[in-house]
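Some notes on the structure that comes next.
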Protein chains: 2
Amino acid sequence: MTDRLPLLLTMGEPAGIGPELALMTWLRRKDFQLPPFAIVGDPAYLGQVSKHLNLDVAVTVVEPHNIISTFDQTLPVVPVELGGPVTFGLPDTINAQAVIKSIETTVDIVRQGIAKAIVTCPIQKSVLADAGFAYPGHTEFLASLAVSWPDVDAPPHPVMMLASEDLRIVPATIHIPLSMVADALTTEMLLETGQIIARALEDCFGVPMPRLRFCGLNPHAGEDGKMGNEEKDIIAPAISLLQQEGISAEGPFAADTMFHESARDKYDVAIAMYHDQALIPIKTLAFDQAVNVTLGLPFIRTSPDHGTALDIAGTGKASCASLVAAIRMADTMMPPKTT
Amino acid sequence: MTDRLPLLLTMGEPAGIGPELALMTWLRRKDFQLPPFAIVGDPAYLGQVSKHLNLDVAVTVVEPHNIISTFDQTLPVVPVELGGPVTFGLPDTINAQAVIKSIETTVDIVRQGIAKAIVTCPIQKSVLADAGFAYPGHTEFLASLAVSWPDVDAPPHPVMMLASEDLRIVPATIHIPLSMVADALTTEMLLETGQIIARALEDCFGVPMPRLRFCGLNPHAGEDGKMGNEEKDIIAPAISLLQQEGISAEGPFAADTMFHESARDKYDVAIAMYHDQALIPIKTLAFDQAVNVTLGLPFIRTSPDHGTALDIAGTGKASCASLVAAIRMADTMMPPKTT
């Protein structure tokens with residue numbers, strides 16, 4: 001245990017379900033055999049939430065060095081004070097700076113080598129934007145903070161992977177209208193995405209020579225150009241280039257026959273061309289167990305695959321399954337090599 | 001048993017896996033508790049395939065009225081002679097007329113009330129086209145044959161549904177490039193598709209007031225227009241019109257959270273906007289058990305959800321799971337009401 005490092009959870013949006021999920025997760029630390037972790041957030045507010053939901057969680061303010069020794073008895077909190085009061089379900093810009101500071105502090109502690117990995121609770125992007133936050137979301141902000149790492153000169157290109165016990169899958173495009181997907185795909189971006197995935201699977205997941213398998217964009221992967229040419233013109237060339245670099249990449253294959261059990265045995269990670277092509281199979285197979293993993297950063301970052309769920313914040317109804325899975329996955333990962 | 005009607009299987013492409021699957025399925029009729037059926041095809045050729053694969057299936061030429069009394073002991077075949085010899089894996093236009101005649105004869109017998117339903121084995125569309133067949137596929141041809149039905153004046157609009165024990169799903173568009181999907185969707189076609197589905201689920205599947213649930217087109221069903229407007233402009237209006245007709249229709253919902261077990265409990269049939277949005281969930285959940293059901297015809301038609309598999313035809317390697325499921329599903333269905 002002596003060289004074991006704890007994990008850190010950011011608080012996320014205080015008016016959302018993040019704080020209650022963190023408390024519930026700590027309560028079930030033994031059931032799920034969770035590694036030691038701390039929350040980087042407001043200790044007084046976490047105490048209030050505990051009381052509100054009758055969770056009976058004792059909160060202890062700690063220095064990052066003392067997380068492991070505290071974790072068994074009480075929930076360790078690395079303090080970041082909120083700017084003002086919180087109403088469940090109603091995010092307020094008054095607390096935006098604290099939400100941002102929680103993320104920055106977490107990254108700082110990991111960079112200092114005192115914690116192993118970052119698990120982020122969901123933020124409310126629109127409220128952070130109203131408060132002047134210049135990043136579209138967590139991932140871009142984390143990429144910008146990565147430049148404080150030794151040997152990282154520019155914000156890296158982060159790649160979102162969804163992972164469960166049954167499937168790892170990367171959407172090559174994410175939050176754009178379906179009608180824009182075909183135009184957004186380029187051989188260059190698929191090549192770079194494939195390179196980042198191959199490296200991260202080897203470094204962080206211990207998969208030697210990971211097998212990448214690309215989905216086609218069109219029905220039946222275009223059926224030799226009868227139903228679209230993106231497979232021939234864009235996806236296949238990227239796969240060839242990856243193969244030339246010695247990366248095990250195959251496809252593009254008809255996406256509909258890639259996700260049943262025997263098909264999944266053939267690869268370590270699938271690359272989908274758009275949001276639903278990735279999210280439908282993983283949420284069908286592992287609805288509340290899917291974890292979001294950001295590849296390409298110089299540190300380990302996972303997050304639950306859900307949002308702030310403002311409509312049920314403060315009710316105790318939210319499931320901590322995905323946060324538990326995110327913590328467990330971060331625990332099994334190895335830090336990326338940055339040189 | 002007296003008023004029970006048999007099912008009919010078309011032969012499909014003789015150089016594909018259809019004939020061997022039909023033979024294997026008959027051999028396992030007791031394991032799967034299959035209803036009596038006949039193949040409408042070439043008895044001599046079916047005998048040859050049986051011999052080639054050492055299946056030991058005795059074939060008996062029958063009149064349609066004698067299928068049930070024959071089925072227990074030997075495989076009943078309603079004869080349609082091939083035009084020439086068959087080489088496995090190499091479809092020949094010489095047999096195209098027999099493939100077409102098998103379908104026509106099958107429809108004729110069902111129209112006469114001597115058989116209950118049609119289960120079609122896969123055809124090789126390109127070879128039929130080379131032989132002058134004017135229809136893009138099975139479904140359009142069956143729709144054209146439907147005009148011989150009483151009270152059917154024009155070819156009906158057929159709707160393809162994929163069905164398994166876990167899920168029924170209809171793709172609103174099918175074999176078109178992904179980049180053309182958004183432009184292909186109209187409120188009118190979604191309305192008509194919804195009407196046909198609602199009626200067929202009630203008539204043929206005995207689901208009173210079937211619950212229809214529409215997928216969105218875009219990630220998160222567009223998230224209030226942030227990632228696409230088709231939900232507001234095209235899909236939601238179709239749902240409103242269906243509701244005004246007293247049909248239970250809901251959505252559009254984010255497609256990724258529609259297919260895990262508890263989500264599936266909320267509807268009787270899902271309507272997807274494109275091929276992979278429908279095929280990914282059903283093939284992930286029920287890879288070789290999915291059945292193709294054509295709704296909107298005046299008769300019951302199911303088919304296995306696979307093609308001619310020319311690469312393995314004649315080897316006995318093909319799985320009869322989907323054909324078995326197609327026969328079982330046709331057996332549980334009730335004929336559409338045509339008035």
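Residue numbering restarts at 1 for every chain, and letters A, B, ... go by the order of the sequence lines.
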Among [options], who wins on heavy-atom pairs under 4.5 Å with chain A?
options	answer
B:Ile282, B:Asn218, B:Ile280	B:Ile280
B:Asp183, B:Ile174, B:Asp276	B:Asp276
B:Pro219, B:Pro171, B:Ala182, B:Ala263	B:Pro219

Next on the checklist: For A:Asp305, is there an ion pair with A:Lys283 - N to carboxylate O distance below 4.0 angstrom?
Outcome noted: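 Looking at A:Lys283 and A:Asp305, the cut-off is met.
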Checklist entry - Can B:Phe287 and A:Phe259 be said to form a ring pair (Phe, Tyr, Trp, His ring centres under 6.0 Å), step by step? => result CA-CA 9 Å; B:Phe287 178 57; A:Phe259 303 111; over 10 Å; no
Checklist entry - Hey, are the side chains of A:Leu295 and A:Pro158 touching, using non-hydrogen atoms and a 4.5 Å cut-off? => result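 No, side chains not in contact.
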Next on the checklist: I need the residue from A:Thr284, A:Leu279, A:Thr257, A:Leu285 with the largest number of non-hydrogen atom pairs under 4.5 Å to chain B.
Outcome noted: A:Thr284
What part of [X] lies closer than 4.5 angstrom to a heavy atom of chain A: side chain, backbone, both or neither?
X	value
B:Leu217	both
B:His260	both
B:Glu230	side chain

Checklist entry - Is NZ or CZ of A:Arg328 both nearer than 6.0 Å to the six-membered ring centre of A:Phe32 and within 45° of the ring axis? => result no
Checklist entry - Looking at A:Tyr267, does the NZ or CZ of A:Arg168 lie under 6.0 angstrom from its six-membered ring centre and within 45 degrees of the ring axis? => result no
Checklist entry - Can you check side chain to side chain donor-acceptor pair (under 3.5 Å) on B:Ser164 and B:Gln289, steps first, answer last? => result CA-CA 6 Å; B:Ser164 70; B:Gln289 308 277 331; over 6 Å; no
